[in-house]
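Each chain gets a letter, A, B and so on, in the order the sequences are listed, and its residues count up from 1. All heavy atoms count here, side chains included; hydrogens, waters and symmetry mates do not.
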Amino acid sequence: MTELLDNGGGSAAARRFMAGREAWHWAEALPWVVAVAAFFVFPDYLALGTQILIAIIFALSLDLILGYAGIITLGHAAYFGAGAYGTGMLSAHLGWGEPISAMLFGGFVGGVLGFVSGWVLLRYHGLTLLMLTLATAIMLKEGANAAEEWTGGFDGLVGISIWPLLGSFEYDLWGKTYYCFALVVLLLCFLAARRIVHSAFGRSLVGIKGNVGRMHGVGTPVHGRLVAVYTLSAAMAGLAGGLFAESNAYVTLDVLSFARSGTVLIMLVLGGTGRLYGAFVGAAVYMILEDELAKLSPEFWEFGIGLLLVIVVLFFRRGLLGSLDDLRARSMGGGA
Amino acid sequence: MNYRKLFPGIIAMLGLAWSGANAETVKIGVVLPYSGGAAQFGEQIDRGMNLFVSQHKEAFGGHEIELIKRDSKRPGGDIAKNAVQELITREKVDLLTGFVFSPNAMASAPLINQAKVPMVIMNAGTAWIPKLSPYIARVSFTMWHAGYPMGGYASESLGCKTAVVGFTNYPPGKDSRNAFTTGFEKAGGKVLEAIPMGGPRQVPDFTPFFQRVKNAKPDCFYVFVPAGNHAVAVVKTYANLGMRAAGIRLIGPGDITQDTKLQDMPKEAAGMITVHHYSADYKTPVNLAFVKAWKAAYGADTTPDFMGVAGYDGMAAIAHAIKAQNGAVSADGTIKALSGWSYDSPRGKITIDPETRDIIQDSNVHKVVLKDGRMMIEVIGTIPQVKDPCKANGIGKCK
Amino acid sequence: MTAALQTIALGKHFGALHVTRQVNLSLAAGARHALIGPNGAGKTTLINLITGALSPDEGQVLLGGRDVTALPQARRVKQGLARTYQINQLFSDLSVLENVAISIAERVGAAGNFWRRASANSHVIDEAVELLARLKLDAYALTPVRELPYGRQRLVEIAITLGQKPTVLLLDEPAAGVPSAESHIILDAIAALPEQIAVLIIEHDMDIVFRFAKFITVLASGGIIAQGTPEQIAGDAHVRAVYLGQGGDV
Amino acid sequence: MEQVARAAISILFDGVAYGMLLFIISVGLSITMGLMGFANLAHGAFAMAGGYVLVSLMLTFDLPFIPALLLAAVAVAAVSVLFERFLYRRLYQADELDQVLLSIGLVFMATAAITFIYGPSTVSLKVPAYLQGQIDLWIGLFPAYRSFTIAVGGLLILALWYGFEGTIIGVKIRAAVDNRRMAQSIGINVDRLFVIAFALGSGLAALGGGLAIEIIGMSPTFSLTYLVFFLIVVAVGGLGSIRGAFVAALFLGIVDTAGKYLWPDGGAFFIYAMTIAVLLVKPEGLFGRA
């Protein structure tokens with residue numbers, strides 16, 4: 001490898017190396033194959049499937065800030081919820097139910113909120129940031145509870161009526177339409193996220209996460225960069241929220257809850273942070289397990305989830321995907 | 001086991017020819033909170049349902065039932081709605097029941113409209129819920145069954161001229177506030193203030209709210225809190241602040257004197273007046289038998305409360321509907337069977353109002369008394385066969 | 001001619017402790033200026049004040065004649081002020097190439113673009129490759145930094161700052177921790193720095209200082225106690241007293 | 001005028017009582033987070049364990065209230081040592097996220113286990129007659145149980161103050177909070193300090209959990225429900241600062257009580273607004289080190 005850059009061939013090799021970092025691996029097709037196959041194999045599980053896809057988008061948005069920029073938050077539901085209420089209120093109060101634009105509006109609301117709150121909050125870090133994000137999300141929830149005329153308060157926002165997708169695909173009980181819709185949205189969000197993390201911008205985020213002092217030293221406008229990625233992430237969370245509102249045709253204060261912020265964090269860390277696909281694995285494993293355990297023993301599903309988390313932390317420290325990597329590296333290292 | 005899954009189709013075809021000679025298996029989706037803070041309600045209703053099934057196998061007209069239970073967890077709507085969607089599409093249930101929290105029932109209403117699956121509500125008491133779908137029938141109560149008569153009773157019989165309302169700040173709480181205020185002011189009383197006392201998820205420290213009431217000195221203090229954990233805290237705070245000595249009477253719907261919570265309350269609970277449709281201490285033969293069976297099934301230290309009874313009665317209603325349709329359960333058929341259905345429940349006579357699909361039942365005035373070291377409910381008055389006053393008077397969303 | 005870097009009466013205190021007092025420095029373009037002084041003299045604090053990591057309580061910092069005292073660190077970098085760190089501040093999981101590319105992308109403004117692939121910024125990559133070749137790091141370009149020997153890591157530290165194309169370069173003990181067998185790498189690199197850059201070097205190793213510096217400032221207790229050519233400083237009795245008093249490493 | 005005075009007194013009294021409770025439970029969390037850098041979200045589970053052990057001791061073994069309360073605290077402290085040795089210790093050097101995940105996992109398991117053993121309802125207990133109703137404190141009648149809570153909190157803060165200022169072990173703990181590496185290098189057995197601090201924190205939490213039954217109720221979801229409040233006390237007070245935790249807890253108790261009394265429609269709004277305000281101005285908390 002050391003000779004690669006000799007003799008003027010250096011630039012080409014370097015470019016190949018950089019491009020290699022972004023290259024697609026065959027395994028990356030797996031989740032999509034699974035998702036498409038699930039549509040045909042488990043037609044009765046599409047409602048759950050839709051919720052999983054939405055959770056993946058949400059977890060993916062968190063990965064952008066947590067996994068790449070190192071921003072730890074316990075209030076990410078604020079943006080999910082803002083998106084959900086944005087989309088829901090657009091339909092319930094203004095009568096606009098076109099699903100794609102309404103969802104985009106949810107993303108817009110999430111993004112704006114992310115920009116404003118990020119501008120203030122991202123000057124802090126550590127426990128302080130954790131508490132600030134948490135308190136902000138809860139305040140938002142209290143606000144939504146108080147603004148009952150607009151949000152429906154504790155009752156939830158009823159009267160959301162979503163038009164057929166692209167004018168022809170109705171919402172159906174089996175959730176076919178929304179499963180497909182959510183899958184397409186997820187694909188687009190994923191491509192965007194992948195593009196972002198492999199841009200020079202994304203590299204600078206990794207730099208900020210790894211060594212913020214040095215980034216100041218090379219002239220990075222750190223705060224601005226963090227606000228930018230936070231806004232992107234909040235917008236993506238808002239999209240997920242909008243999709244959630246549409247697929248349920250109902251929004252309650254729950255979308256803003258601490259539990260939702262916590263759960264998405266758990267999902268992501270479970271799958272593995274900073275690798276995009278961690279969101280896929282974490283959200284799917286968590287939700288399927290929750291669904292199955294709840295059926296086995298509705299009263300005590302929590303115990304199983306708790307045990308899983310403890311085991312993951314003790315034995316699979318870098319999340320499920322990270323541990324898979326380690327395992328592969330070890331077996332390959334053994335051979336070399 | 002597997003062959004049973006293959007057969008329903010064949011059996012159904014045979015059923016066409018044989019019409020009725022066959023036993024059908026009716027699938028019933030049960031959506032209740034089985035985890036989290038509300039799991040105690042799920043447990044009560046679940047026990048009530050099971051008790052009925054074990055006692056009255058014959059009531060189902062020879063048909064088998066299969067209960068498919070799903071955890072609705074929180075009152076957030078989304079989880080319940082997903083559970084309902086899954087029960088309809090994956091499990092293909094014929095009928096839905098359960099529903100402790102109003103938002104969960106509300107969120108699920110559009111689905112049952114679309115799928116035409118009937119829903120028998122066993123708790124969720126926000127008055128206007130049956131307006132959301134023609135396939136909803138309710139065997140529990142509305143907030144107005146207790147709050148409205150309580151208002152009249154407080155003014156006329158307890159001699160309260162002024163009252164303060166303290167309520168948990170969510171739809172049933174506001175519903176109850178409106179019910180009491182309407183009843184009380186119609187009878188000539190004056191509500192000085194209505195104080196929201198935090199949300200339903202967690203029991204707040206009531207002291208600051210009650211201090212405020214103590215300093216306002218009303219004759220009556222009407223409190224609505226969600227059934228369960230809140231009630232004991234309410235009475236304890238009332239006792240600790242010495243409000244009885246200050247001449248303030250604590251009244252409310254039966255949620256604050258829930259049977260399962262009575263024994264945890266301090267002695268100041270004695271003398272509280274509430275209006276409700278059930279207590280385990282009712283001395284009717286039907287109820288005595290019911291409580292006896294309950295204790296035999298679940299232990300001597302357990303007590304059924306109004307949720308347990310709703311589970312029991314709800315199952316009775318479902319059994320009736322199944323029998324009436326001979327196992328072939330449809331939404332329209334179920335509602336038709338339940339319209340006007342009457343039952344001799346542990347709480348007294350109940351009827352499903354054919355007009356509103358809501359329940360008609362007695363509202364009883366309860367007084368808490370201390371007997372042999374046990375808190376007991378004594379019935380000191382009855383307002384017979386109350387139709388939901390919210391819909392009867394066409395108030396707000398009940399119009 | 002305006003100085004590339006100038007400080008005017010710079011001062012900083014933490015409570016009653018004055019860590020920097022009345023520091024007047026001036027570096028012309030192409031200067032080779034050393035800042036020496038015993039431990040605790042306030043050298044690193046001074047660097048932090050100049051770069052903007054700390055803000056001074058009094059005085060000014062001028063870059064190319066412009067007052068930058070109120071500007072945050074990143075903006076000063078954009079105006080041509082770069083620094084290395086006494087303890088390596090590298091992105092140790094990334095390759096040498098990427099370490100340098102992050103810096104260059106930042107300078108040319110590519111890092112603000114979240115849609116363009118990093119590998120498509122060919123001018124950034126080309127420049128990085130060329131820079132690494134200049135510092136004889138090209139053989140390590142694709143190696144993760146943490147696998148490099150320490151001396152080479154110090155070199156990466158310098159490479160990152162050169163990616164900024166600075167007009168003023170602050171080297172904070174560039175040879176600190178480098179085993180003597182490798183120190184020539186650093187010395188060569190410093191000797192090969194582009195001529196027009198004004199360089200301020202903080203160093204304990206007097207060999208390096210005297211080999212490299214054309215002008216020396218001596219700092220003690222936060223204040224300047226002597227300034228002059230290497231010969232003048234070497235002959236300064238006061239400086240000797242300070243160093244010998246410290247048992248320092250002259 | 002008398003009305004206003006009466007309102008002010010009751011707000012202050014109830015606020016202080018609530019604050020004391022928050023302090024007793026949260027102070028251990030502040031120590032563990034400050035000393036060990038461990039984000040232990042399961043701290044409330046130890047409080048919850050204390051509450052349930054107390055109930056069991058009183059109902060099953062018929063112990064009187066105060067001995068049962070103390071015994072519960074000691075028992076939980078002892079058990080917490082096992083957790084520290086076998087679980088927490090393995091993660092002291094780990095990423096905060098892993099710590100969060102582990103402790104949340106423990107919270108879930110604790111919630112499920114408690115539900116399994118005690119059922120999902122709130123538990124309650126019969127406090128002795130002398131703690132019921134009102135007592136005369138010369139300047140007026142006050143709720144007896146809350147007066148007791150304030151007294152316990154007061155005693156604890158004195159004991160902790162003495163323990164940390166006046167004993168060797170306290171000095172060591174403070175030194176280790178300040179600078180762990182330094183403490184280690186001058187020969188302090190940091191490892192053992194961790195066990196002691198963890199057990200102390202858990203024991204205090206258990207004591208607070210026992211006291212909480214009568215004031216804010218106890219159910220299997222306790223540890224998750226009140227987690228946010230404990231974290232607020234720690235963050236607002238400043239990591240590892242006992243004085244900070246005390247001031248923050250009283251502050252939050254009084255603000256929350258005043259908010260409910262004066263502006264019941266505001267809900268929990270006040271407490272979060274104040275938290276945000278404090279942290280924006282003092283990111284390290286009131287008594288935290290920058």
Side-chain angles (χ1 to χ4, degrees), chain A residues 1-23 64 68-69 123 191-225 227-229 231-233 235 274, chain C residues 51-53 72-79 81-85 88-95 97-99 101-122 124-130 132-133 137-143 157 160-161 163-164:
Chain A
M1 192 180 276
T2 48
E3 289 90 43
L4 274 180
L5 293 190
D6 287 352
N7 309 327
S11 285
R15 271 184 237 176
R16 263 202 311 280
F17 172 78
M18 296 289 267
R21 290 248 152 160
E22 300 151 19
L64 276 183
Y68 289 89
R123 296 173 197 280
L191 291 176
R194 198 176 188 281
R195 188 108 192 194
I196 290 168
V197 303
H198 288 308
S199 68
F201 172 86
R203 288 297 149 82
S204 77
L205 294 180
V206 176
I208 290 171
K209 185 187 178 197
N211 193 336
V212 68
R214 175 49 115 173
M215 292 307 281
H216 283 295
V218 298
T220 308
V222 171
H223 179 251
R225 196 91 12 117
V227 172
V229 71
T231 305
L232 288 169
S233 163
Chain C
T51 56
Q73 194 174 357
R75 297 277 297 280
R76 299 187 196 193
V77 175
K78 292 264 183 260
Q79 304 212 1
L81 177 68
R83 70 168 294 187
T84 66
Y85 294 80
N88 278 341
Q89 302 283 316
L90 302 169
F91 311 111
S92 49
D93 290 337
L94 299 181
S95 66
L97 178 71
E98 285 163 303
N99 267 267
I102 282 180
S103 168
I104 295 172
E106 206 60 65
R107 188 194 85 235
V108 301
N113 187 336
F114 59 75
W115 203 243
R116 190 180 170 82
R117 280 191 222 95
S119 63
N121 294 324
S122 45
V124 172
I125 300 174
D126 292 349
E127 189 183 327
V129 169
E130 190 217 334
L132 292 177
L137 273 170
D138 42 355
Y140 299 93
L142 308 185
T143 315
E157 186 72 37
I160 290 178
T161 49
Q164 295 300 304

Counting only non-hydrogen atoms closer than 4.5 Å, does [X] touch chain C with its backbone (N, CA, C, O), its side chain (CB onward), both, or neither?
X: L205(A); value: neither
X: A192(A); value: both
X: H198(A); value: backbone
X: R225(A); value: side chain

Looking at [X] and [Y], what are the two nearest heavy atoms and their distance?
X: I160(C); Y: V218(A); value: CG2-CG1, 3.5 Å
X: S95(C); Y: F17(A); value: OG-CE2, 3.4 Å
X: A111(C); Y: A200(A); value: CA-CB, 3.9 Å

Query raised in the report: What residue in G210(A), G207(A), G213(A) has the most heavy-atom pairs under 4.5 Å with chain C?
Result: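 Going by pairs under 4.5 Å, I would pick G207(A).
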Report task. Pick one of side chain, backbone, both or neither for A101(C), based on which atoms fall under 4.5 Å of a heavy atom in chain A. Result ->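 The side chain, not the backbone.
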Query raised in the report: Where does E127(C) contact chain A at under 4.5 Å (heavy atoms): side chain, backbone, both or neither?
Result: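 For E127(C), there is no contact with chain A at all, as no heavy atom is under 4.5 Å.
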Looking at [atom1] of [X] and [atom2] of [Y], how far apart are the two atoms once the value is rounded to the nearest 0.5 Å?
X: S119(C); Y: R21(A); atom1: OG; atom2: CZ; result: 12.0 Å
X: N211(A); Y: Y85(C); atom1: CG; atom2: OH; result: 7.5 Å
X: M18(A); Y: R117(C); atom1: CE; atom2: CZ; result: 13.0 Å
X: T220(A); Y: R107(C); atom1: OG1; atom2: CZ; result: 13.0 Å
X: S204(A); Y: F91(C); atom1: OG; atom2: CZ; result: 9.0 Å

Query - Sidechain-backbone polar pair: R214(A) side chain, Q89(C) backbone, donor-acceptor under 3.5 Å - result: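 Judged by distance alone, yes, a pair lies under 3.5 Å.
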Report task. State, yes or no, whether a side-chain contact exists between R15(A) and D126(C) at a heavy-atom distance under 4.5 Å. Result ->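 Yes - at least one pair of side-chain heavy atoms lies under 4.5 Å apart.
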**Report entry** chain A contacts, top residue of Q79(C), E98(C), E130(C) (heavy-atom pairs, under 4.5 Å)
**Finding:**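 That would be E98(C).
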**Report entry** Residue among I102(C), T84(C), L94(C) with most heavy-atom pairs under 4.5 Å to chain A
**Finding:**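 Heavy-atom pair counts peak at I102(C).
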